[in-house]
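To start, the structure itself, in structure tokens.
Each chain gets a letter, A, B and so on, in the order its sequence line appears, and its residues count up from 1. This is a predicted model, so every value here is computed, not measured.
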Number of protein chains: 2
Amino acid sequence: MPEVTLRDVARESGYSIATVSRVLGGTRTVGAQADRKVRAAAERLGYRPNQVARALRSRSTGTIGLVLPQITNPFFPMLVRGVEHALHSRGRGLLIADCDDDPELEASRISALLDRQVDALLVIPVHEAHSRAAVAAGAQRTPLVQLDRRCGTDVADSVAVDNTAGMALVLDHLAGTGRRRVCFLGSAGTDSAAVERRTAYRNGVAALDPAGAERVELGDFSVEWGRAAAERVWPSRPDAVVCANDLIAVGAMQQLRRMGADIPGEVAVTGFDDVAIASLAEPALTTVRQPVTGLAEEAVRLLDQRLSEHTDRPHHAIRLAPELVVRASSAPGTTRE
Amino acid sequence: MPEVTLRDVARESGYSIATVSRVLGGTRTVGAQADRKVRAAAERLGYRPNQVARALRSRSTGTIGLVLPQITNPFFPMLVRGVEHALHSRGRGLLIADCDDDPELEASRISALLDRQVDALLVIPVHEAHSRAAVAAGAQRTPLVQLDRRCGTDVADSVAVDNTAGMALVLDHLAGTGRRRVCFLGSAGTDSAAVERRTAYRNGVAALDPAGAERVELGDFSVEWGRAAAERVWPSRPDAVVCANDLIAVGAMQQLRRMGADIPGEVAVTGFDDVAIASLAEPALTTVRQPVTGLAEEAVRLLDQRLSEHTDRPHHAIRLAPELVVRASSAPGTTRE
DNA sequence: ATGAAAGCGCTAACAT
DNA sequence: ATGTTAGCGCTTTCAT
């Protein structure tokens with residue numbers, strides 16, 4: 001089936017290619033009659049604009065590239081979904097690239113997307129330091145926004161959750177429900193989530209437990225580490241275990257129960273992110289929900305802004321407020337859920 | 001920074017733009033000297049081919065569209081990862097579209113991708129019946145492969161796991177570990193996974209438990225349903241609960257333990273898919289691992305095949321063998337893990 | 001308000 | 001083996 005082109009619509013409507021283009025593109029005002037006739041003809045023939053030709057001419061593909069560390073990491077699909085919807089609602093497409101947590105792959109994916117003439121890039125960097133060069137290079141060639149994580153502070157725009165505020169929500173909640181012996185299971189990483197969450201914990205815990213700042217175990221963001229860390233802190237009998245993300249919290253809950261702890265009776269457990277597993281865990285996990293839709297929308301808005309302005313203003317670093325989701329794992333008092 | 005074009009490389013190397021195109025595209029044999037000089041010039045100028053221009057001329061964007069029901073459904077990201085890697089290793093790009101489980105959105109996403117001139121479509125249909133028209137329409141316009149699920153049997157090529165074989169693996173395993181009172185928690189859906197898994201259970205269970213074919217509870221593929229269904233079957237004291245996917249199994253395990261059941265001592269539980277949560281559950285879940293990488297590669301191979309042949313041969317329906325992953329939830333005997 | 005024509009960067013006939 | 005030429009389908013001057 002031969003594709004219908006502008007030429008065909010022009011012939012069918014009796015107007016020139018240029019007029020048809022203007023009507024369908026809404027580029028300039030045209031006569032009411034021309035408008036009607038052209039639209040009718042386009043409709044009749046089932047005309048669909050060829051985006052590739054349009055892109056070649058107008059130097060804009062209407063396509064955004066998203067580069068992320070690992071699509072199978074449960075937090076990222078939520079972000080991808082948000083980005084996809086934000087883009088499609090503006091008529092844009094989303095080219096996706098998965099890096100397998102490898103900075104070298106990341107660099108090659110970034111240039112592959114640039115070769116495909118994406119209008120802009122959204123990057124969740126694999127690593128704070130090792131991704132820096134590739135991200136900076138990308139930002140040189142096209143508008144680029146870092147999402148969720150970032151490489152240092154001066155590479156490009158960035159959008160992320162306010163980790164400090166999230167940690168404060170958790171600590172306030174624990175204080176309000178009478179917990180007074182708190183510990184923290186976090187990540188030793190240098191990425192912003194790891195650093196900000198542990199710093200916020202250390203700074204905020206003093207208000208309800210002066211010794212809490214000392215009860216900190218650092219590993220990585222995994223279930224396995226959660227289990228190991230729980231084993232290390234349980235002998236000191238905390239009445240609250242604050243975890244830097246949901247995976248750590250799930251591991252910690254498993255290990256605590258295995259050691260005979262009563263959650264939330266004896267000890268409360270909290271997570272961060274609100275991935276699907278948080279609500280499925282036993283008991284259901286109290287956690288900090290990231291504003292994923294908001295993050296995605298802010299990121300896309302920033303890109304649009306960079307695309308429309310041509311002036312390069314200083315980088316924006318946007319932080320969005322999270323929300324506390326209270327579930328059974330932190331129910332007050334000495335009752336089993 | 002002005003983009004370097006073929007024209008620039010031609011001027012720099014002293015050859016014509018056609019020769020440069022041939023060298024860089026590897027389209028035809030050229031003189032050794034020309035080859036060297038052109039490559040050197042391209043290198044020197046940092047030439048990157050413009051994929052949009054190439055696409056317009058050659059009528060091939062090197063881009064594949066993937067349409068899926070819900071990226072946040074934990075099974076799909078594994079598939080996306082497989083597809084992404086299979087495509088990138090062949091120099092292709094992946095445009096992704098999420099349908100929010102809505103057939104109408106799905107139809108609009110499919111045409112949006114076609115408007116972007118994708119070379120082919122990979123579709124995980126939202127619904128067996130409601131997706132059919134849109135998928136068939138897509139298959140009319142471009143090579144299309146259905147992945148994981150499919151709309152009826154005659155719409156387009158399809159690639160999926162062999163559900164029947166997977167269920168057989170589970171039943172053999174349970175038989176071999178002495179389970180003799182089996183029940184099934186499945187989905188009432190009409191999609192191939194739901195139908196094939198429950199049929200395979202019914203046909204296969206007779207060998208170890210003649211009454212097993214009657215102990216079947218059907219709902220949907222969710223944790224909630226797993227909980228509810230477990231509550232219904234536990235009074236009959238099965239020694240094995242076969243679930244149609246991992247989510248049902250996780251819910252069933254939660255409810256069984258809540259009711260005081262000992263897993264796997266009293267009762268074994270099995271899942272299907274091997275999503276991340278299967279290994280994180282307590283106890284770790286015995287399940288059927290889908291060959292995700294294989295599925296993705298087969299799908300991409302089929303697309304390539306359709307793209308190179310122009311003849312349309314009958315539709316292929318490819319089934320790949322799954323693998324049993326034995327974990328604690330089905331350990332034999334009357335011991336706690 | 002409309003049309004004619006140029007050309008985005010590339011590939012593929014068609015020449016030589 | 002290499003060059004010349006003609007577009008791919010569209011947007012956008014520049015005319016009228």
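The residue B/Ser21 sits close to a base: some heavy atom pair falls under 4.0 Å. Among the atoms of the strands shown, base atoms are found under 4.0 Å from some heavy atom of A/Arg22.
Between B/Arg92 and B/Asp119, at least one side-chain N (NZ, or NE/NH1/NH2) sits under 4.0 Å from a carboxylate O, which counts as a salt bridge. The pair A/Arg48-B/Asp115 counts as a salt bridge, with a side-chain nitrogen and a carboxylate oxygen less than 4.0 angstrom apart.
Near-neighbour residues of DNA chain C inside residues 48-56 of chain A, defined by a heavy atom below 4.0 Å, number-ordered: A/Leu56.
When the side-chain nitrogen and oxygen atoms of B/Thr5 are compared with OP1 and OP2 of C/dG9, none of them lie within a distance under 4.0 Å. One finds no side-chain N or O of A/Tyr15 lying less than 4.0 angstrom from the OP1 or OP2 phosphate oxygen of C/dA4.
With distances taken from any side-chain atom of B/Ala18 to the nucleotides C/dG9, D/dT11, D/dT4, the minimum falls on D/dT4.
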Pair B/Asp98, B/Arg109 - check salt bridge (charged side-chain N to carboxylate O under 4.0 Å, His left out), show working.
CA-CA 8 Å; B/Asp98 177 283; B/Arg109 294 293 202 256; 5.9 Å; no

Using the salt bridge (charged side-chain N to carboxylate O under 4.0 Å, His left out) rule, take A/Glu12 and A/Arg44 through it: C-alpha gap first, then chi angles, then the decisive distance, then the call.
CA-CA 9 Å; A/Glu12 173 85 6; A/Arg44 214 174 314 131; 2.2 Å; yes

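For the pair B/Ile17 CD1 and C/dG9 C1', the interatomic distance rounds to 7 Å; values are reported in whole Å. If you take CZ of B/Arg11 and P of C/dG9, they are 12 Å apart, rounded to a whole angstrom. Straight-line distance from the CZ atom of B/Arg57 to the C1' atom of C/dG7: 15 Å, rounded to whole Å. Atom C1' of nucleotide C/dT2 and atom CG of A/Leu6 are separated by 15 Å, given to the nearest angstrom.
With hydrogens and angles left out, the side chain of A/Arg7 and the base of D/dG9 share no donor-acceptor pair within 3.5 Å.
Under the side-chain hydrogen bond (donor to acceptor under 3.5 Å, both in side chains) test applied with B/Asp157, the options B/Arg306, B/His316, B/Gln305, B/Arg150 reduce to a single match, B/Arg306.
Nearer to the 5' terminus of DNA chain D, by closest-nucleotide assignment, is the contact made by B/Gln33 (compared with the other of A/Thr19 and B/Gln33).
The closest side-chain donor-acceptor pair between B/Ser131 and B/Glu106 falls under 3.5 angstrom.
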